[in-house]
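Below, chain A is the first sequence line, B the second, and so on; all start at residue 1. Computation of the quantities below employed the complete heavy-atom set of this structure, encompassing side-chain atoms and omitting hydrogens, waters and symmetry-equivalent molecules. This is a predicted model, so every value here is computed, not measured.
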Amino acid sequence: MLEEIAPALLEKHKPKEKKLPPLPHAEPGKVVTRLPPEPSGYMHIGHAMSGILNYMYAKMYDGKLWLRFEDTNPRKVKPEYYENFRAGYRWFGIEWDYEKCNSEDLELYYEYASELIRKGFAYVCSCSKEEMSKGRFTMVECVHRQQPVEINLSLWKEMLSGMLEEGSVVLRLKGDMTNKNTVMRDPTLFRIIDYPHPVVGDKYRVWPTYDIAAAIEDAICGITHVLRSSEFALRDELQNYIRSLLGLQSPVFVEYSRFEFKGTPLAKREIRQLIGQGVVSRWDDPRLATVDGIRRRGLLPEAIREFTVSQTGLTYTKRVYAWELLYAINRRILDPVAKRYFFVPNPVLIEVEGAPAFHVELPYHPSEPLGKRLVYTGNKFYIPRKDVHGLKEGSMLRLKHLFNIKVKEFTDYMVKATFVCKEVVEGIPIVQWVTEDHVNVEVLVPDILYLDDGQLNPDSLKTVYGVGERACREIKHGERVQFERFGFCIRDDVNALRFIFIHT
RNA sequence: GCUCCGGUAGUAUAGUCCGGUCAAGUAUACGGGCCUCUCGAGCCCGGGACCCGGGUUCAAAUCCCGGCCGGAGCACCA
């Protein structure tokens, strides 16, 4: 639509697209990437940025994208999170070609498991957790490792048939107990978990661990490139090894360090704790970087996409992003489309002697054709207290788009002035104003939760009260506007005129 | 503690693989100016960095060694 009527306009506001660096060993049309969320918590900006990278690369190479829920721990996954991730990815404009849950493939994992056992690559181990951990630490093999295949096979059958209790045994890979990479030291492949699963119920009780499930899934989904954060780097060797034993193809790995934002927790545990302590209200608190939080916060999905492409590098270096970098992009996208309104924080009444009544048309935007609204004025106005502080007796002030006044006398709560003239006079302060026909407006101003010293920010959420022009009532819930000389804000409530401050 | 990995301006990055064109590019933040009936946007200008120490070399941000600092992993989590 916009492309047709005003291509030049679109071009003007189109952010300069910075290209993603090329993907190693990528062939156009053949790239397959994946979104691998664990549905055990709410989606946050880190998942989103990772998802954006996978999506952008699939698109860049005309490839395909999988959404694959890594839900092989029934004790951790919860039904509501599946949809939270789907909705979150959609909000960012991430489109996937295929979708599945790892929990649907248990039978398949079992087949691969028995293949590993038959070939002597895996064994059932009944060591306690402590023994196992000690053995791996000291690099010594346990007695079960030498069990004959037949015994492993029958124990495996017992595991599957429900004869063995949760925690009693585990299927382990015969890895390399002396490998420097500790994950190679006979890791657990399958364990028993007696707990109903949100997708498959209580049909299964033997569940694969992450490495075996991911190793198999990445191969059978035909994933060519795994883009993931660096905490998985040590798993590459293991997963490739498992695949080599099974005759499966391995993908190319591209790893990068986690995405963190200054003063903002992302870990589930930490956020849960903050909610528990009442520091933040809920998972969609605007101070949180959950997808629901940043959406309420007024940040645009396009801004986060652009940010991911332009400010992100595929590096291992630890980085903590400053929110300002994201705000700058968000502001650039928002500026040409956000309507301007007058909002007066901490209002002070001002009476203008001799002010003629006007009806003025105020433009919704200084340069873009976003329309106008009509305002009737009398001789009473509200202006920000902050601007009153700069006044002296006799100083001139311009009520924006209206007329100039001269201050006669003033206190912190009241200003008396006289009408001067309508014409613009150079060099006098210009302020936004609201007439007696106003509405009460409340703006929530979120800030980072943690200060640089790691302490909780006592001012992480402030509320600014003020008055807005009547037209504020037409702002829709979720609409982003700019309150002139105050900042960009998003309406946060269907009924109340409550807004959330986005950025200046 | 052990094992990996990394360290470019305030912040985030480009460049590092295949040493020279990097007296280091970009974005953001900052300072100055222009423009604007917003302290927003836009435009112009400016200051600002290769962790430290050795080595190799005609030449090192790039290669080697040591140190320091940071991150990740060391689960029957993913």
Side-chain angles (χ1 to χ4, degrees), chain A residues 12-13 15-16 18 21 24 36-41 69-73 75-77 102 125 127-129 132-133 136-137 166-172 179-185 187-193 206-211 213-214 228-235 237 255-260 262 268 306-307 310-329 331-332 334-336 338 340 342 362-363 365-368 384 386-387 398-404 423-426 428-432 482-488 503-504:
Chain A
K12 191 172 133 199
H13 299 303
K16 330 152 188 113
K18 197 184 153 186
E38 181 194 25
S40 65
F69 288 103
E70 310 252 280
D71 57 350
T72 53
N73 187 341
R75 280 192 205 281
K76 287 183 75 181
V77 301
N102 287 358
C125 178
C127 289
S128 67
K129 275 191 194 183
M132 214 180 276
S133 161
R136 300 181 75 196
F137 187 75
E166 177 168 348
S168 61
V169 293
V170 112
L171 184 72
R172 283 229 259 172
N179 198 306
K180 280 208 240 177
N181 182 351
T182 50
V183 309
M184 294 301 289
R185 324 233 262 236
T188 297
L189 262 21
F190 286 85
R191 76 288 207 199
I192 298 167
I193 300 176
V206 176
W207 290 90
T209 55
Y210 166 71
D211 289 295
R228 60 167 43 149
S229 51
S230 57
E231 70 257 39
F232 297 101
L234 265 11
R235 331 299 304 194
E237 186 183 0
E255 273 131 356
Y256 40 83
S257 77
R258 286 178 107 116
F259 304 110
E260 285 180 46
K262 201 177 166 195
K268 272 174 285 211
E306 195 191 324
F307 177 79
S310 65
Q311 299 299 316
T312 265
L314 271 20
T315 21
Y316 278 109
T317 329
K318 144 121 183 156
R319 51 332 216 350
V320 180
Y321 296 106
W323 284 101
E324 287 67 30
L325 295 171
L326 220 187
Y327 295 161
I329 297 172
R331 186 183 297 117
R332 198 176 62 232
L334 217 44
D335 190 78
R340 271 50 181 191
F342 282 169
L362 303 177
H365 196 282
S367 56
E368 304 296 332
K386 206 175 79 182
D387 293 300
R398 179 168 181 81
L399 302 181
K400 190 174 177 184
H401 288 125
L402 198 61
F403 50 62
N404 311 308
E423 292 67 38
V424 176
V425 175
E426 296 285 313
I428 63 170
I430 298 167
V431 302
Q432 82 278 28
Q482 189 204 54
F483 286 140
E484 289 202 39
R485 305 209 312 136
F486 182 78
F488 291 92
H503 45 63
T504 53

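One C1' atom belongs to B:G54, the other to B:G47, and the distance between them is 32 Å to the nearest Å. Using atom P as the reference point in both B:C77 and B:G19, the two lie 47 Å apart (nearest Å). If you take atom P in B:U38 and the same atom in B:A49, they sit 36 Å apart, rounded to whole Å. Comparing the P positions of B:U11 and B:A23 gives an interatomic distance of 24 Å, to the nearest angstrom. B:A27 and B:A14: their P atoms are spaced 15 Å apart (whole Å). Here the separation of B:C52 from B:C68, taken at their P atoms, is 16 Å to the nearest Å. Between B:C4 and B:G66, the two P atoms lie 13 Å apart (nearest whole Å). With both ends at atom C1', the span from B:A41 to B:C35 equals 11 Å, rounded to whole Å.
A:F486 pairs by the ring-ring contact (aromatic ring centres under 6.0 Å, His included) definition with A:F343, A:F501, not counting sequence neighbours. The side-chain hydrogen bond (donor to acceptor under 3.5 Å, both in side chains) search around A:K180 returns none, not counting sequence neighbours. For the ring-ring contact (aromatic ring centres under 6.0 Å, His included) test, residues two or more places apart in sequence or in another chain that qualify with A:F342 are A:W433. In this structure A:H503 satisfies the ring-ring contact (aromatic ring centres under 6.0 Å, His included) test together with A:Y327, A:F488, sequence neighbours excluded. For A:V424, the side-chain contact (heavy atoms from CB on, under 4.5 Å) partners two or more places apart in sequence, or in a different chain, are A:R398. Residues meeting the side-chain hydrogen bond (donor to acceptor under 3.5 Å, both in side chains) test with A:T504, sequence neighbours left out: A:R331. With sequence neighbours left out, the salt bridge (charged side-chain N to carboxylate O under 4.0 Å, His left out) criterion links A:K318 to A:E260.
A donor-acceptor pair is defined here as one N or O able to donate and one able to accept, closer than 3.5 Å; no such pair exists between the side chain of A:S230 and the backbone of A:E255. Between the A:R136 side chain and the A:R185 main chain, a donor and an acceptor come within less than 3.5 Å of each other. Panel note: side chain A:S310, backbone A:E306; a donor-acceptor pair is recorded below 3.5 Å. With A:S40 contributing its side chain and A:K76 its backbone, the two residues share no donor-acceptor pair below 3.5 Å. A donor-acceptor pair is defined here as one N or O able to donate and one able to accept, closer than 3.5 Å; no such pair exists between the side chain of A:D71 and the backbone of A:P39. Using modelled atom types, no side-chain atom of A:R75 and backbone atom of A:I193 make a donor-acceptor pair closer than 3.5 Å. A donor-acceptor contact shorter than 3.5 Å links the side chain of A:R340 to the backbone of A:A338.
Atom CD1 in A:I428 sits about 14 Å away from atom C1' in B:U38, given to the nearest Å. Residue A:R228 contributes atom CZ, which lies 17 Å from atom P of B:C5 at whole-angstrom precision. Nucleotide B:U13 holds its P atom 15 Å from the CD atom of A:E324, rounded to whole Å. Taking atom CH2 of A:W323 as the reference point, atom P of B:U28 lies 18 Å away to the nearest angstrom. The separation between A:K400 atom NZ and B:U36 atom P is 13 Å, rounded to whole Å. For the pair A:L362 CG and B:U38 P, the computed distance is 13 Å after rounding to whole Å. Per the geometry, CG belonging to A:L399 stands 14 Å off P belonging to B:U38, to the nearest Å. Protein atom CG of A:D387 is 13 Å distant from nucleotide atom P of B:U38, rounded to whole Å.
In RNA chain B, consecutive stretches of 3 or more Watson-Crick or G-U wobble pairs with both distances under 3.5 Å are given as paired ranges: B:1-7 with B:68-74, B:10-13 with B:25-28, B:30-34 with B:42-46, B:51-55 with B:63-67.
Ranking B:C37, B:G40, B:U13 by closeness to the A:R319 side chain, first place goes to B:U13.
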Are any protein N/O atoms closer than 3.5 Å to N/O atoms in nucleotides 33-35 of chain B? If there are, list each pair with its distance.
none

Grab the N/O contacts between the protein and nucleotides 8-11 of chain B below 3.5 Å, and write none if there aren't any.
| unit_1 | atom_1 | unit_2 | atom_2 | d |
| --- | --- | --- | --- | --- |
| B:U11 | O3' | A:V320 | O | 3.4 |

- Item | Protein proximity profile, nucleotides 41-51 of chain B - base contact B, sugar-phosphate-only contact S, no contact -, cut-off 4.0 Å on heavy atoms | S----------
- Any chance you could list the contact pattern along nucleotides 63-78 of chain B? Use B for base contacts, S for sugar-phosphate-only contacts and - for none, protein heavy atoms under 4.0 Å, 5' to 3'. --------SSSSSBBB
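Shown here for A:C127 and A:M132, the closest heavy-atom pair between the two residues is O-CE, 3.9 Å. Nearest heavy atom pair, residue A:I428 against residue A:N404, reads CD1-OD1, 3.5 Å. Across all non-hydrogen atoms, the minimal contact from A:P36 to A:E70 is O-CG, 3.4 Å.
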